[in-house]
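A short write-up of the structure that comes next.
Excluded from the calculations below are hydrogen atoms, water molecules and symmetry mates; all remaining heavy atoms, backbone and side chain alike, are included. The structure presented is a predicted model; accordingly, all values stated were derived computationally and were not measured. Chain naming here is simple, since letters A, B, ... match the order of the sequence lines and numbering starts at 1 in each.
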Number of protein chains: 2
Amino acid sequence: MTDDAPRPVKTTKTSLAVVRTVRDNDGATLSELADQLEVAKSTIHNHLHTLVEEGFLVREGDTYHVGLQFLPFGEHARDRNPLYAATRRRVYSLSEKSGNEADFIVEENGRAYSLEYAIGESTPRGLSESGPFRAGNRFYMHNCASGKAILASMPEARVREIIGRWGLPATTDETITDEAALFDELEAIRERGYATNNEELIEGYRSIGASITSPDGEVVGAFSIGGPTYRMAVDESTTEEIGQLLVDEIDALETELF
Amino acid sequence: MTDDAPRPVKTTKTSLAVVRTVRDNDGATLSELADQLEVAKSTIHNHLHTLVEEGFLVREGDTYHVGLQFLPFGEHARDRNPLYAATRRRVYSLSEKSGNEADFIVEENGRAYSLEYAIGESTPRGLSESGPFRAGNRFYMHNCASGKAILASMPEARVREIIGRWGLPATTDETITDEAALFDELEAIRERGYATNNEELIEGYRSIGASITSPDGEVVGAFSIGGPTYRMAVDESTTEEIGQLLVDEIDALETELF
DNA sequence: CCGTCTATTCACACATTTCGAACGTAGTCG
DNA sequence: CGACTACGTTCGAAATGTGTGAATAGACGG
């Protein structure tokens, strides 16, 4: 992560760091924040009060939590995506058909965001806390199936821009960290029609993703299906079957929309 | 809205004002923001770059939009609510049974937030852009049915705290702006078991809400059903019918949970 | 009742943000 | 075709406002 803001606003960054830390800790006290962020308690104190006043944090006793004020902004950002409404039901459908987790991913600013996520039959988002996935989550592009599928459908210049901006950080031993290896992989994805992720994001998790492109050839998102390794067999036929499921769903979507 | 932050962080407030303005305008350019917020363009410029770098804004050409980075925080805040998972399906159910809009509302920091919203049969959140409602929206407590239902179930001291903090701003001619009148209304709600909102929030919109309380008597949220005046008859029997629908659903919920 | 946690307040000092003017770059109209 | 306007961007200079650390206040438990 390279910072390129011209004359950046350090104070705002501090405030955002506070909020991020509160979320990462799932609630934090003033002292905890001062410790972790290594700034004076009085500084944290001021930021906390300001953020509470604005509704972006809530105070419960002496513990601060992420405030619901994020929700209208998050929903606004999500609803802005023209595909969100049309893809939602298909995410549920993919999850049911495959018996695994499914999600709809879009790229923004070189990162992959999950706009909708479903697991199992009638168990939509929020009901299961298992796994690292959940609507709204943000991933790197290079170590998740959807992200790689999207990269594979992008002009090379854009891919270079993204990996220049965010690098290729490893989260497991399997993560692709070499630029040349990544480009080889993207080529393979283009030939195959879908991308795979074998424990490249987290150990014990495997997934398959395929990208959605608009009529003018621009990639606009991706679906992926994934689950624990014991449920997602690694053999060729299972992979092909799920890959085909995705490709079919995307064909249907593209027919519906375009 | 009174500000009570001790030594507030003005820079953070400016950044947040930028984001808020971007959302209100549904996208804004640097110059527009400088105009509306009355600060120097160079200042806005710095804030914009910082916020983009952090993912809370996205740049599309020269227009800035709310970024998807809000989503993980919003979802986190929502998922923290212990009732969210259990109430979701009931919101859809209420919408189907009534043929109107339904939502689940909680109070935070003296404001009412809609955690889930549904309209019509199989048309969950996001698919309909009609009306002012949408998951994540924030309201005042005194001019929406759910908010009044929640206030009616709160200790009086808490109610006074909230109206002291946020006042009783009017959004229509019907909005209750008098403190004594509000307390009379809350008393009536307690007797009736549910709250009504006859064009107090927006003209042409009517709704009915009832609060959910935990076994220890604390109010934890509210359901409401609403719609345009031409669909929501004002007569006593219709009102009573919908009120009963809400009360029954809440009984079932409380039995399920507690 | 004291010790040890919290959060909070305050005055000072310096770093940061803010400003405005000047620059670069499109795009448009005469 | 060239001047004009509108926009984003850069820069140095100035002062505002943020950050600090020590001192205060309150809560809790031994």
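dG21(D) atom P lies 17 Å from atom NE2 of H45(A), rounded to whole Å. One can place OH of Y64(B) at 14 Å from P of dC7(D), the figure rounded to the nearest angstrom. Atom CG in D62(B) sits about 20 Å away from atom P in dT5(D), given to the nearest Å. As rounded to whole Å, 14 Å separates atom C1' of dG17(D) from atom NZ of K13(B). Rounded to whole Å, atom P of dT8(C) lies 9 Å from atom CG of L48(A). Following rounding to the nearest Å, L30(B) (CG) and dC7(D) (P) show an atom-to-atom distance of 10 Å. Distance, K10(A) NZ to dT18(D) P: 14 Å, rounded to whole Å. Atom CG in L33(B) sits roughly 12 Å away from atom P in dT9(D) (whole-Å rounding).
The side-chain heavy atoms of V19(A) and F70(A), taken from C-beta on, include a pair separated by under 4.5 Å.
Between H49(B) and dT9(D), a side-chain N or O to OP1/OP2 separation shorter than 4.0 Å is present. Taking side-chain N and O atoms only, R59(B) has a distance below 4.0 Å to OP1 or OP2 of dT9(D). At the phosphate of dG8(D), OP1 or OP2 sits under 4.0 Å from a side-chain N or O atom of S31(B).
Listed by chain and number, the residues in a side chain to side chain contact (heavy atoms under 4.5 Å, CB included) with E107(B) are M141(B), I150(B), M154(B), R158(B), I162(B) (sequence neighbours excluded). Partners of E187(A) by salt bridge (Lys or Arg N to Asp or Glu O under 4.0 Å), not counting sequence neighbours, listed by chain and number: R190(A). Looking at residues two or more places apart in sequence or on another chain, you find a side chain to side chain contact (heavy atoms under 4.5 Å, CB included) between S214(A) and D216(A), E218(A), V220(A), F258(A). Residues forming a side chain to side chain contact (heavy atoms under 4.5 Å, CB included) with S146(B) (at least two apart in sequence, or on another chain): D103(B), I105(B), A222(B), S224(B). Considering only residues two or more places apart in sequence or on other chains, E191(B) meets the salt bridge (Lys or Arg N to Asp or Glu O under 4.0 Å) condition with none of them. Residues satisfying the side chain to side chain contact (heavy atoms under 4.5 Å, CB included) test with D24(A), not counting sequence neighbours, are R20(A).
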Detail all sub-3.5 Å separations between protein N/O atoms and N/O atoms belonging to nucleotides 19-28 of chain C.
{"unit_1": "dC19(C)", "atom_1": "OP2", "unit_2": "A40(B)", "atom_2": "N", "d": "3.1"}
{"unit_1": "dC19(C)", "atom_1": "OP2", "unit_2": "T43(B)", "atom_2": "OG1", "d": "2.8"}
{"unit_1": "dG20(C)", "atom_1": "O6", "unit_2": "S42(B)", "atom_2": "OG", "d": "2.8"}

Pairs of donor and acceptor atoms involving the side chains of residues 56-67 of chain B, under 3.5 Å and at least two apart or interchain, shall be tabulated with distances.
{"unit_1": "R59(B)", "atom_1": "NE", "unit_2": "G61(B)", "atom_2": "O", "d": "2.9"}
{"unit_1": "R59(B)", "atom_1": "NH1", "unit_2": "Y64(B)", "atom_2": "OH", "d": "3.3"}
{"unit_1": "R59(B)", "atom_1": "NH2", "unit_2": "D62(B)", "atom_2": "OD1", "d": "2.7"}
{"unit_1": "E60(B)", "atom_1": "OE2", "unit_2": "R80(A)", "atom_2": "NH2", "d": "2.8"}
{"unit_1": "H65(B)", "atom_1": "ND1", "unit_2": "R80(A)", "atom_2": "NH1", "d": "3.2"}

Distance-only donor-acceptor pairs under 3.5 Å for side chains of residues 177-185 of chain B, two or more places apart:
{"unit_1": "D178(B)", "atom_1": "OD2", "unit_2": "A180(B)", "atom_2": "N", "d": "3.3"}
{"unit_1": "D178(B)", "atom_1": "OD2", "unit_2": "A181(B)", "atom_2": "N", "d": "3.0"}
{"unit_1": "E179(B)", "atom_1": "OE2", "unit_2": "R160(B)", "atom_2": "NH1", "d": "2.7"}
{"unit_1": "E185(B)", "atom_1": "OE2", "unit_2": "K148(B)", "atom_2": "NZ", "d": "2.7"}

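If you find the closest nucleotide of DNA chain C to T29(A) and to T12(A), the one lying nearer the 5' end belongs to T29(A).
Here the side chain of T11(B) is nearest to one of dG8(D), dA7(C), dT17(C), namely dT17(C).
The list of salt bridge (Lys or Arg N to Asp or Glu O under 4.0 Å) pairs with a residue in residues 42-52 of chain B, not counting sequence neighbours, is empty.
Where the helix from dC1(C)-dG30(D) to dA22(C)-dT9(D) starts and where it ends, the local axes point in directions that differ by 40°; five pairs per end, rounded to 10°.
Taking a 4.0 Å limit (strictly below) on heavy-atom distances, residues 18-28 of chain A does not reach DNA chain D anywhere.
The only member of L16(B), D35(B), L37(B) that meets side chain to side chain contact (heavy atoms under 4.5 Å, CB included) when paired with T21(B) is L37(B).
Judged by the 6.0 Å and 45° rule, R23(A) forms a cation-pi pair with F73(B).
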